[in-house]
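One structure is given below, encoded as structure tokens.
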Amino acid sequence: MKKFIAVALLTVGLGTVSQAHAHRAWMLPSATVLAGDTAWVTMDGAVSNSLFYFEHHPLNLDQLDITGPQGESVKALNKASGKYRSVFDAELTNDGTYTFEIRHSGLVGMYKLNDKPVRWRGSVDEVKDIPENAKGLRLFEVDNLMQVFVTKGAPTSETFKVQGVGLEMVPVTHPNDLFAGETSEFRFLVDGKPATDLDVVLIREGIRYRDQVDEIQLKTDAQGSIFVEWDDPGMYWLETELEQKGKRLDNAKRRMSYSATLEVLPL
């Protein structure tokens, strides 16, 4: 009975975090801080209802990019996808901080044709190809960015480059220098400018084994910053999203999201 109650509470709690996302996409590294002449990290990736548990769909790795401390491209090795999760390895040969990221952007449409639902993907130039008898057409400009940071040796910040497009996080506190009992600052930008009044949620791992989700809900200030007070060590999933009027199409909505997996270590 307790198990049923716990699951019910988790479902309700997670539903309040982001009604727009029925499932959550994430990457989970085997470690975020490594040392030694040669170091490897193994990354799991999945789309699931419950954070960091494999129970729905493997993560699509087609858009995976790994950037090394000097801006070099690093190859993902041993990539594979199963029923519920994807996995890959990366060898960290240089000292410094690596950024692992997956970005999905483009134009998505939904409509009905002959009473059958159709999901469409294309470019702005291809919108004209949507049948004129399509009913209930809705268009969305989407930009979703997911990141994980891993450091070998001393942390560096050369990979924290702002592209000025969509939602981005600027780690004022280095993301591989997070400790329980301390406060960290992260700044968020939208198209390169401070993202103010942005709702940001953080959830610590292990929700299957506690009765409350215990999400941390914060709002960015005038500079786009949040300040997180870490009570407990562990892996945390950070997520924020923003919807605006279309930037390229007047009749579209623009949906952006940013997520990251962060590890908080004990002091």
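Please read all numbers here as calculations on a predicted model, not as lab measurements.
Under a hydrophobic-cluster definition in which Ile, Leu, Val, Met, Phe, Trp and Tyr are linked whenever side-chain heavy atoms come within less than 4.5 Å, directly or via other members, Ile226 and Val264 are assigned to the same cluster. No path of Ile, Leu, Val, Met, Phe, Trp and Tyr side chains, each step under 4.5 Å between heavy atoms, connects Leu262 with Leu51, placing them in separate hydrophobic clusters. Side-chain heavy atoms closer than 4.5 Å link hydrophobic residues (I, L, V, M, F, W, Y) into clusters, and following such links, possibly through other members, connects Val200 to Leu178. Hydrophobic clustering (ILVMFWY, side-chain heavy atoms < 4.5 Å, transitive): Phe52 and Ile207 are in one cluster. When hydrophobic clusters are built by joining Ile, Leu, Val, Met, Phe, Trp and Tyr residues whose side-chain heavy atoms come closer than 4.5 Å, directly or via intermediates, Leu137 is grouped together with Val127.
The minimum heavy-atom distance linking Ser81 with Ser86 is given by the pair OG-OG, 2.7 Å. Heavy atoms only, all atoms of each residue included: Asp221 and Gln223 are closest at OD1-N, 2.9 Å. Considering all non-hydrogen atoms of both residues, Pro194 and Ala222 come closest at CB-O, 4.0 Å. For the residue pair Asn49 and Arg24, the shortest heavy atom distance occurs at O-NH1, 3.9 Å. Residues Thr93 and Lys152 approach most closely at O-NZ, 3.7 Å, considering heavy atoms.
The closest donor-acceptor contact from the side chain of Asp191 to the backbone of Gly166 lies under 3.5 Å. Here the side chain of His174 pairs a donor or acceptor atom with the backbone of Thr156 at under 3.5 angstrom.
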Before you tell me yes or no, could you show the steps for Glu185 and Thr173 under side-chain hydrogen bond (donor to acceptor under 3.5 Å, both in side chains), namely the whole-Å CA-CA distance, both residues' side-chain angles and the distance that decides it to 0.1 Å? CA-CA 5 Å; Glu185 179 183 359; Thr173 302; 5.8 Å; no

Derivation and outcome, side-chain hydrogen bond (donor to acceptor under 3.5 Å, both in side chains), residues Thr196 and Thr220: CA-CA 5 Å; Thr196 61; Thr220 57; 5.8 Å; no

Show your working on side chain to side chain contact (heavy atoms under 4.5 Å, CB included) between Tyr258 and Glu239 and close with a plain yes or no. CA-CA 6 Å; Tyr258 175 89; Glu239 193 266 351; over 6 Å; no

Please report the C-alpha distance between Glu182 and Leu267 in whole Å, then the side-chain angles of each, then the deciding distance to 0.1 Å, and finally whether the side chain to side chain contact (heavy atoms under 4.5 Å, CB included) criterion is met. CA-CA 9 Å; Glu182 295 186 350; Leu267 271 176; 3.7 Å; yes

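At least one side-chain heavy atom of Pro29 sits less than 4.5 Å from a side-chain heavy atom of Thr261. Using a 4.5 Å heavy-atom threshold, the side chains of Val172 and Phe186 count as separate. Using a 4.5 Å heavy-atom threshold, the side chains of Met256 and Asn144 count as separate. Under the 4.5 Å side-chain criterion, counting only non-hydrogen atoms from C-beta, Trp237 is in contact with Ser259. By the 4.5 Å heavy-atom criterion applied to side chains, Phe179 and Thr183 are not counted as neighbours. By the 4.5 Å heavy-atom criterion applied to side chains, Trp230 and Leu202 are counted as neighbours. No side-chain heavy atom of Arg254 sits less than 4.5 Å from a side-chain heavy atom of Lys245. With a 4.5 Å cut-off on side-chain heavy atoms, Thr97 and Asn176 count as touching.
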Check residues 106-125 and write down every donor-acceptor pair under 3.5 Å in which the side-chain atom is one partner and the other belongs to a residue at least two apart or another chain.
from: Ser123; atom 1: OG; to: Glu126; atom 2: N; distance (Å): 3.4
from: Ser123; atom 1: OG; to: Glu126; atom 2: OE1; distance (Å): 3.3

Compile the donor-acceptor pairs under 3.5 Å between side chains in residues 158-165 and protein atoms, sequence neighbours left out, one pair per line.
from: Thr159; atom 1: OG1; to: Thr99; atom 2: OG1; distance (Å): 2.9
from: Gln163; atom 1: OE1; to: Arg103; atom 2: NH1; distance (Å): 3.3

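Going from atom OG of Ser225 over to atom CE of Met169 covers 11.5 Å, rounded to the nearest 0.5 Å. Here Glu141 contributes atom CD and Arg255 contributes atom CZ; the two are 12.0 Å apart, rounded to the nearest 0.5 Å. Atoms OG1 and CG, from Thr42 and Asp89 in turn, are 4.0 Å apart once rounded to the nearest 0.5 Å. In this structure, OG1 in Thr67 is found 10.5 Å from CZ in Phe149, a value given to the nearest 0.5 Å. Taking CG of Asp250 as the reference point, atom NZ of Lys247 lies at 14.0 Å (rounded to 0.5 Å).
Residues satisfying the salt bridge (Lys or Arg N to Asp or Glu O under 4.0 Å) test with Lys253, not counting sequence neighbours, are Glu243. The side-chain contact (heavy atoms from CB on, under 4.5 Å) test applied to Ala195 returns Leu167, Phe188, Val190, Leu198, not counting sequence neighbours. Scanning for salt bridge (Lys or Arg N to Asp or Glu O under 4.0 Å) contacts around Glu229 gives an empty result, with sequence neighbours left out. Residues forming a salt bridge (Lys or Arg N to Asp or Glu O under 4.0 Å) with Asp177 (at least two apart in sequence, or on another chain): none.
For residues 45-71, there are no salt bridge (Lys or Arg N to Asp or Glu O under 4.0 Å) pairs, not counting sequence neighbours. Listed by first and then second residue, the side chain to side chain donor-acceptor pair (under 3.5 Å) pairs that reach into residues 26-37 are Trp26-Ser48, Thr32-Glu263, sequence neighbours excluded. Residue pairs that meet the salt bridge (Lys or Arg N to Asp or Glu O under 4.0 Å) test with at least one member in residues 192-207, sequence neighbours left out, are Asp199-Lys219. Pairs of residues two or more places apart, or lying in two chains, that qualify as salt bridge (Lys or Arg N to Asp or Glu O under 4.0 Å) and include a residue from residues 40-52 are Asp44-Arg85.
More than 12 non-hydrogen atoms from other residues, nucleotides or ligands lie less than 6.0 angstrom from NE2 of His104.
Other cluster members for Tyr98: Met27, Leu34, Val41, Met43, Val47, Leu59, Leu61, Leu64, Ile66, Val74, Phe88, Leu92, Phe100, Ile102, Met146, Val148, Val150, joined by side-chain heavy-atom distances under 4.5 Å among Ile, Leu, Val, Met, Phe, Trp and Tyr. Taking a 4.5 Å side-chain heavy-atom cut-off between Ile, Leu, Val, Met, Phe, Trp and Tyr, the cluster of Leu77 extends to Trp40.
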